[in-house]
Amino acid sequence: MLDPKLLRDSPELVRAAIAKKHLDADLDAVLAIDTAWRAQLTEVETLRSQQKAANTEMAALKKGSPEFLAKVQEMKAVSAAVKAKEDGLKEVEERWNAAMLTMPNLPHASVPEGRTPDNNVVHATFGDPANTSPVAQPHWEINGFERLVDFPRGAKVTGAGFPFLIGDGAKLSRALLQFFLDENVKAGYTEVSPPIFVNAASATATGQLPDKEGQMYETTPDRLYAVPTAEVPLTNFYRNEILDVEMLPVCRCAHTPCFRREAGSYGKDVRGLNRVHQFDKVELLKWVHPSSSYDELEKLRADAESLLQKLELPYRVLLMCGGDLGFAQSKKYDLEVWAAGQKRWLEVSSCSNFETFQARRAQIRFRNPETGKPELVHTMNGSGLAVPRVFAALLENNLQPDGRVKLPAALVPYFGKEYLSFK
RNA sequence: GGAGAGGUGGCAGAGUGGUCGAUUGCGCGUGCUUGGAAAGCACGUGUAGGCGCAAGCCUACCGGGGGUUCGAAUCCCCCCCUCUCCGCCA
């Protein structure tokens, strides 16, 4: 959600943002609704004011006196008018809200121009894709893969895209999670184990509702949503709260399974572990003071990157262009790991600054010590990291001629042995 | 799941239809007092929205939503949450 005042005072900034993100939002329609809403609000408030004045007057009158009864009659008309106008106002307010939700967040000045993913800027590349396994294969074709990751059984038990992890597969997943969490805690994030179902209010605050409803699994009869990312419960932790400025920045990390319906995405890009309906992920999240927001984003990205570095996986950092930025983000980096068997980059982390966009919806503020007034915090998050694609990259990049997978030194203490076996 | 009791400002806690955005106490802030402090005294102390150059004015908010009424913190309905007891249970 954008600041309504920004819309009124600087519509040109919003217009530029819409253009830079290559969106279709109709700013003029929103401005028209805003004007109408304010006009209606004034009308209702004037009537309410009359009611309150009459109320004070009537309190002083003797109940049942002719003056009193006359006033009652008089105010009946006002009461009816208030009801009618309030109904109208409520209707306009709903349209106003819906309209405001179509206004995207402003991209940061450092976001490059561009319409499609091809226009994303390669910000940095680490490691050498050429320096990976000479016998690399797509992970789903590796001999014995199905003994570690069982898709058919998962499909039988639950549905497509819900694989079982077995033996060294389950163990590698657990080792990665543990490694990620430990490293993140060392980097200063407090570990949190959040609920993995959230209510509609939480899903709305972080932007999954109303428009991305179909991407979440919803439970009946309680209408709870399985989290698509730990970002949702984590961000909502402080919903409707005013934080002490001394607390900032608050840095947290959490492991949750993530559930995504991903309706309609099929094809070669989603083979194997590339895209599944349930996967494990560790999320990094910060609530920060607006003044340090972009420094904190760089740190968050560096923290996520250090995980890939310790796993000795080649990766690149993309700075997303305006058109590929996303509706709610001000700036976003994607980390993509090299998968030597598929010969392609796989996104394993997306580090975004939302500035006040989420904080306004979720009403997360801090008290400015200078003014004593509450102000919105900035929120940002990034994966640190998503497990299945890192899992896939490890299998593909580190495949040995003997059919085993050599694990990076940093992971050995967690995995308990140097080689993963498909037996 | 069943029965009962509750949910009011930072906290405690009044308020059962009108002058209540809300008594009071604590806390907090400013000032007076003091050698300094405490105590005492005085004043102040929520959030959001609209209008206005501003000073300021207006409106809303007593867990959430609806209703009754000229008028709702107060009455009615639905929902959520907390506590106590019972049941069930890892």
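Proteins come first, then strands; the chains are lettered A, B, ... in the order of their sequence lines, and each starts at number 1. On a predicted model such as this, the values are computed, not experimentally measured, just so you know. These values consider heavy atoms only, across backbone and side chains, with no hydrogens, waters or symmetry-generated copies.
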Item to check | Any A:R367 side-chain N or O less than 4.0 Å from OP1/OP2 of B:G10 | outcome: no
Next on the checklist: Suppose you measure atom P in B:C28 against the same atom in B:C86; what distance do you get, rounded to whole Å?
Outcome noted: 42 Å
Item to check | Residue closer to the 5' end of RNA chain B, A:A54 versus A:K373 (nearest nucleotide) | outcome: A:A54
Item to check | B:G46 and B:G29, which share atom name P, separated by this distance in whole Å | outcome: 15 Å
Checklist entry - How far, in whole Å, is B:C75 from B:G7 if one measures between their P atoms? => result 11 Å
Next on the checklist: What residues from residues 2-15 of chain A pass a heavy-atom cutoff of under 4.0 Å to RNA chain B?
Outcome noted: A:K5, A:R8
Checklist entry - Are A:K85 and A:E43 ion-paired here, with the side-chain N under 4.0 Å from a carboxylate O? => result yes
Checklist entry - Does one side chain, of A:T204 or A:R361, offer a donor that lies under 3.5 Å from an acceptor on the other? => result no
Next on the checklist: Parallel, tilted or perpendicular: which one describes the rings of A:Y217 and A:F259, with boundaries at 30° and 60°?
Outcome noted: perpendicular
Next on the checklist: For RNA chain B, which residues of residues 25-45 of chain A approach it to below 4.0 angstrom with any heavy atom?
Outcome noted: A:W37, A:R38, A:L41, A:T42, A:E45
Checklist entry - Roughly how many Å is it from CZ in A:R223 to P in B:C79, rounded to a whole number? => result 16 Å
Checklist entry - Taking atom types as modelled and ignoring hydrogens, do the side chains of A:Q208 and A:Y225 form a donor-acceptor contact shorter than 3.5 angstrom? => result no
Checklist entry - Does any donor atom in the side chain of A:Y419 or A:Q400 lie under 3.5 Å from an acceptor atom in the other side chain? => result no
Next on the checklist: Distance check, P atoms only: B:G44 and B:U24, in whole angstrom units.
Outcome noted: 12 Å
Item to check | Option passing ring-ring contact (aromatic ring centres under 6.0 Å, His included) with A:W287 (candidates A:Y238, A:F354, A:F366, A:Y189) | outcome: A:Y238
Checklist entry - Taking atom P in both B:C26 and B:G17, what distance in whole Å separates the two? => result 30 Å
Next on the checklist: In whole Å, measure the gap between the C1' atoms of B:G6 and B:G13 for me.
Outcome noted: 14 Å
Using a cutoff of under 3.5 Å, can you pull out all pairs of nitrogen or oxygen atoms linking the protein to nucleotides 69-71 of chain B, with atom names and distances?
residue	atom	partner	partner atom	Å
B:C70	OP1	A:K76	NZ	3.1
B:C70	O3'	A:S79	OG	3.1
B:G71	OP1	A:S79	OG	2.7

Checklist entry - Are a donor atom and an acceptor atom from the side chains of A:T229 and A:K281 found within less than 3.5 Å of each other? => result yes
Checklist entry - Could you give the CG-to-P distance, from A:N240 to B:C61, as a whole number of Å? => result 17 Å
Checklist outcome for this item: Sorted by chain and residue number, the salt bridge (Lys or Arg N to Asp or Glu O under 4.0 Å) partners of A:K21 (sequence neighbours excluded) come out as none
Item to check | Rounded distance (Å) that lies between atom P of B:G10 and atom CD of A:E241 | outcome: 12 Å
Next on the checklist: Would you say A:Q342 and A:N274 are linked by a side-chain donor-acceptor pair, where the criterion is simply a distance under 3.5 Å?
Outcome noted: yes
Checklist entry - Hey, do the aromatic rings of A:F327 and A:F357 have their centres closer than 6.0 Å? => result yes
Item to check | Step-by-step side chain to side chain donor-acceptor pair (under 3.5 Å) determination, A:T379 to A:K286 | outcome: CA-CA 6 Å; A:T379 61; A:K286 292 188 191 182; over 6 Å; no
Checklist entry - Expressed in whole Å, how much space separates the C1' atoms belonging to B:G52 and B:C58? => result 11 Å
Checklist entry - To the nearest angstrom, how far is A:E375 atom CD from B:A48 atom P? => result 10 Å
Checklist entry - How far, in whole Å, is B:G9 from B:A5 if one measures between their C1' atoms? => result 23 Å
Next on the checklist: Restricting to side-chain hydrogen bond (donor to acceptor under 3.5 Å, both in side chains), what partner residues turn up for A:S293, sequence neighbours left out?
Outcome noted: A:N353, A:H378
Checklist entry - Do A:E355 and A:Y294 get their side chains close enough for a donor-acceptor pair, meaning under 3.5 Å? => result yes
Item to check | Length of the line joining A:E93:CD and B:A60:P, which is rounded to integer Å | outcome: 13 Å
Next on the checklist: Distance check, rounded to the nearest 0.5 Å: A:L300 atom CG versus A:E305 atom CD?
Outcome noted: 10.5 Å
Checklist outcome for this item: The dot-bracket string of RNA chain B, counting Watson-Crick and G-U wobble pairs with both distances under 3.5 Å, using [ ] for crossing pairs and | for pairs to another strand, is ((((((((.[[[..)..(.....]]]((((((.......))))))((((((....)))))).[[[[[..)....]]]]])))))))....
Next on the checklist: Regarding A:N240 and A:Q363, do their side chains bring together a donor and an acceptor under 3.5 Å, going by distance alone?
Outcome noted: no
Checklist outcome for this item: In whole angstroms, the gap separating C1' of B:G50 from CG of A:L47 amounts to 15 Å
Next on the checklist: Can you work out whether A:A60 or A:P374 has the more 5'-proximal nearest nucleotide on RNA chain B?
Outcome noted: A:A60
Item to check | A:E86 CD to B:G66 C1', straight-line distance once rounded to whole Å | outcome: 13 Å
